[in-house]
Protein chains: 2
Amino acid sequence: MERSIPEPTLRRLPGYYRYFRDLQSTGAQLVSCALVGRDLFLDPTLVRKDLESISAVGKRRVGFVLADLVSSIEKRLGYGGLNRAFLMGTGSLGTALLGYKKFREYGLEIVAAFDAAASRVGERLQDLEVQPLDRLPELAREWNPQIGIVTVPADHAQEAVDLLVANGIRAIWNFAPVRVQVPPGVIVQREDLYRSLATLLYKLVLTQQDVVDCPM
Amino acid sequence: MERSIPEPTLRRLPGYYRYFRDLQSTGAQLVSCALVGRDLFLDPTLVRKDLESISAVGKRRVGFVLADLVSSIEKRLGYGGLNRAFLMGTGSLGTALLGYKKFREYGLEIVAAFDAAASRVGERLQDLEVQPLDRLPELAREWNPQIGIVTVPADHAQEAVDLLVANGIRAIWNFAPVRVQVPPGVIVQREDLYRSLATLLYKLVLTQQDVVDCPM
DNA sequence: TAGATTGTTAATCGATTAACAATC
DNA sequence: TAGATTGTTAATCGATTAACAATC
């Protein structure tokens with residue numbers, strides 16, 4: 001089996017991907033780690049390590065072939081093949097996600113949207129009709145989605161996840177600010193804006209105190 | 001100056017914060033690392049290290065005082081004092097963020113929203129009237145915000161950031177999928193959904209291939 | 001050939017985990 | 001006292017960075 005990719009590298013791959021495709025569109029065919037590093041503000045050695053982890057092979061003295069890099073990342077990241085997803089919760093965040101047209105380019109297609117509120121069911125959002133929860137099993141059989149995107153309120157997240165998992169979903173993208181339980185084999189990725197905010201505020205507080213603040 | 005907090009710890013703090021406040025609301029006064037670890041699925045030793053990094057001091061044999069932990073995290077994370085923010089871009093994501101009422105609880109208050117599109121200016125979103133970009137300098141003098149939230153399209157992110165920085169903003173919360181340039185001293189935090197998506201898809205691809213896939 | 005660039009191996013750094021001492 | 005829990009120090013693990021060899 002191929003070596004697994006370290007998380008930090010993984011998080012950098014979409015950046016590389018976008019960058020390589022942009023370069024390609026300018027007509028370039030090759031790229032060197034030094035150039036990538038300069039443009040993306042990364043250590044060139046780190047770039048090389050990252051490319052190595054996706055099994056990219058370069059030509060000494062020349063660089064890496066862009067087309068190879070692009071297809072290599074696509075393969076490793078599951079781009080290319082579209083992954084079908086169900087969206088749970090059509091609040092403002094859910095609606096915003098439906099509007100992310102580029103998700104398709106990055107391998108994600110939202111094929112159905114659900115909401116517990118009867119008042120929202122039937123509404124049309126970006127080509128999709130909001131569905132009631134009780135149609136989920138039927139639609140899951142039809143679409144066989146693998147991903148569930150959860151944007152319901154925190155206190156309903158676990159229910160939503162349970163329903164998804166019971167209907168064959170293999171991966172949860174969880175935007176609710178709670179940790180949810182899933183059976184082994186199901187992947188959960190948390191997207192917690194409060195966590196990010198905390199990081200930001202902390203850094204801000206740090207730079208403001210600096211020198212000024214002195215511990216007891 | 002107080003020891004700076006490692007990033008991984010930092011990302012866990014909001015989780016602790018929420019957990020401690022929840023516990024408090026049940027009437028509990030004390031908590032042990034072992035309990036936290038069990039509930040939050042973290043190694044108890046890691047919990048202790050994290051608490052140590054926010055200078056929390058426990059009582060041996062007893063545990064940590066919840067009230068102390070809560071106020072300690074608030075102090076370190078800049079909760080408590082509200083930080084004023086300007087929102088750039090009132091697309092679906094920007095609108096969604098305006099709806100996050102709990103941001104206030106976590107120390108963030110969006111005091112003005114801007115949009116480059118004349119058609120959106122004047123619209124009312126969550127108690128705020130969408131402002132044109134040319135009013136930004138004036139409103140910045142009035143509010144003296146420290147944080148700029150950028151939800152404009154990728155190709156306008158740098159302009160938005162430049163405008164914010166020119167008007168005294170100290171920290172950028174960047175939701176556009178590009179790396180932006182700022183002068184030294186200004187903090188940038190990236191929130192890139194494509195990066196998260198990549199991580200999720202990769203993990204999904206991994207579990208699907210497993211055993212099956214074998215390198216050349 | 002000379003030099004740029006990849007490839008590889010070693011060193012560093014930092015976070016996590018483990019072990020154990022202190023103490024209420 | 002005994003035992004639970006914090007506090008502290010050491011070991012481990014993994015990512016990043018540095019150094020240098022290979023080669024087109």
Side-chain angles (χ1 to χ4, degrees), chain A residues 2-13 15-16 19-20 23 28-69 72-73 76 195 198-199 202-203 206 215, chain B residues 2-16 19-20 23 28-69 72-73 76 195 198-199 202-203 206 215-216:
Chain A
E2 285 161 323
R3 257 193 326 292
S4 86
I5 304 175
E7 281 250 359
T9 297
L10 212 45
R11 278 197 293 269
R12 285 188 292 269
L13 285 180
Y16 291 131
Y19 172 73
F20 294 150
L23 260 189
Q29 311 252 324
L30 293 162
V31 70
S32 75
C33 295
L35 181 63
V36 178
R38 252 193 315 279
D39 288 347
L40 263 37
F41 305 94
L42 298 170
D43 186 303
T45 312
L46 183 59
V47 174
R48 197 162 317 113
K49 281 281 185 206
D50 285 344
L51 297 186
E52 187 186 311
S53 76
I54 55 166
S55 330
V57 180
K59 290 191 179 65
R60 288 176 212 250
R61 169 86 223 267
V62 176
F64 291 81
V65 176
L66 277 169
D68 292 353
L69 291 174
S72 182
I73 296 180
R76 285 317 201 81
R195 288 207 285 182
T199 312
Y202 171 72
K203 290 181 190 159
L206 253 199
Chain B
E2 285 163 320
R3 252 193 329 291
S4 85
I5 304 175
E7 280 251 359
T9 297
L10 211 45
R11 277 198 294 271
R12 286 188 290 269
L13 286 180
Y16 290 131
Y19 172 73
F20 294 149
L23 260 189
Q29 312 252 323
L30 293 163
V31 70
S32 75
C33 295
L35 181 61
V36 177
R38 251 194 313 282
D39 287 347
L40 262 35
F41 305 94
L42 299 169
D43 186 303
T45 311
L46 182 59
V47 174
R48 197 163 316 115
K49 282 279 185 207
D50 285 345
L51 298 186
E52 186 185 312
S53 77
I54 55 166
S55 331
V57 180
K59 291 193 179 64
R60 289 178 209 250
R61 169 87 223 266
V62 175
F64 291 81
V65 177
L66 277 169
D68 293 351
L69 292 175
S72 181
I73 295 179
R76 285 316 201 83
R195 289 208 285 183
T199 312
Y202 171 72
K203 289 181 190 160
L206 252 198
M216 57 234 78

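Letters A, B, ... are given to chains in the order of the sequence lines, protein chains preceding strands, and every chain is numbered from 1. This is a predicted model, so every value here is computed, not measured.
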Peer 1: Figure out the CG/C1' separation between A:Asp50 and C:dT6, and round it to whole Å.
Peer 2: 15 Å

Peer 1: How many Å lie between CG on A:Leu51 and C1' on C:dT5, as a whole number?
Peer 2: 13 Å

Peer 1: Assess the residue pair A:Arg12 and A:Leu40 against the criterion (side-chain contact (heavy atoms from CB on, under 4.5 Å)); give the C-alpha distance rounded to whole Å, side-chain angles, the decisive distance to 0.1 Å, and a yes or no.
Peer 2: CA-CA 10 Å; A:Arg12 285 188 292 269; A:Leu40 263 37; over 6 Å; no

Peer 1: Just how far, in rounded Å, is C1' of D:dA4 from CZ of B:Phe64?
Peer 2: 13 Å

Peer 1: Can you check whether B:Asp39's main-chain N or O pairs, donor with acceptor, with B:Tyr19's side chain at less than 3.5 Å?
Peer 2: no

Peer 1: Tell me which nucleotide, if any, is Watson-Crick or G-U wobble paired with C:dT23 when both distances must be under 3.5 Å.
Peer 2: D:dA4

Peer 1: Would you name the heavy atoms of B:Ile54 and B:Ser72 that are closest together and state the gap between them?
Peer 2: O-OG, 2.9 Å

Peer 1: In whole Å, what is the span from the CZ atom of A:Phe41 to the P atom of D:dT16?
Peer 2: 18 Å

Peer 1: Can you tell me the distance, in whole Å, between the CG atom of A:Leu10 and the C1' atom of D:dA15?
Peer 2: 14 Å

Peer 1: Determine whether a donor-acceptor pair (N or O, by modelled atom type, separation under 3.5 Å) exists between the side chain of A:Tyr16 and the backbone of A:Ile73.
Peer 2: no

Peer 1: Taking 4.0 angstrom as the limit, do B:Glu52 and B:Arg48 come out as a salt bridge?
Peer 2: no

Peer 1: What verdict does the side-chain contact (heavy atoms from CB on, under 4.5 Å) test give for A:Asp50 and A:Val47, after you've listed the backbone C-alpha separation in whole Å, the side-chain angles of each residue and the deciding distance to 0.1 Å?
Peer 2: CA-CA 5 Å; A:Asp50 285 344; A:Val47 174; 5.6 Å; no

Peer 1: Which nucleotide in the list C:dG7, D:dT6, D:dT16 gets nearest to the side chain of A:Leu46?
Peer 2: D:dT16

Peer 1: Could you state the atom-to-atom distance from CD of B:Glu52 to P of C:dA15 in whole Å?
Peer 2: 13 Å

Peer 1: Within this structure, what is the CG-to-C1' distance between A:Leu40 and D:dT16, rounded to whole angstrom?
Peer 2: 17 Å

Peer 1: Could you let me know what C:dA10 is paired to, Watson-Crick or G-U wobble, both distances under 3.5 Å, or none if it's on its own?
Peer 2: D:dT17

Peer 1: For nucleotides 18-24 of chain D, just jot down a letter per nucleotide in 5' to 3' order: B, S or -, based on protein non-hydrogen atoms under 4.0 Å.
Peer 2: B---BBB

Peer 1: How long is the span from the CZ atom in A:Arg38 to the CG atom in A:Leu35, to the nearest 0.5 Å?
Peer 2: 5.5 Å

Peer 1: In whole angstroms, how far is the P atom of C:dA15 from the CD atom of A:Glu7?
Peer 2: 16 Å

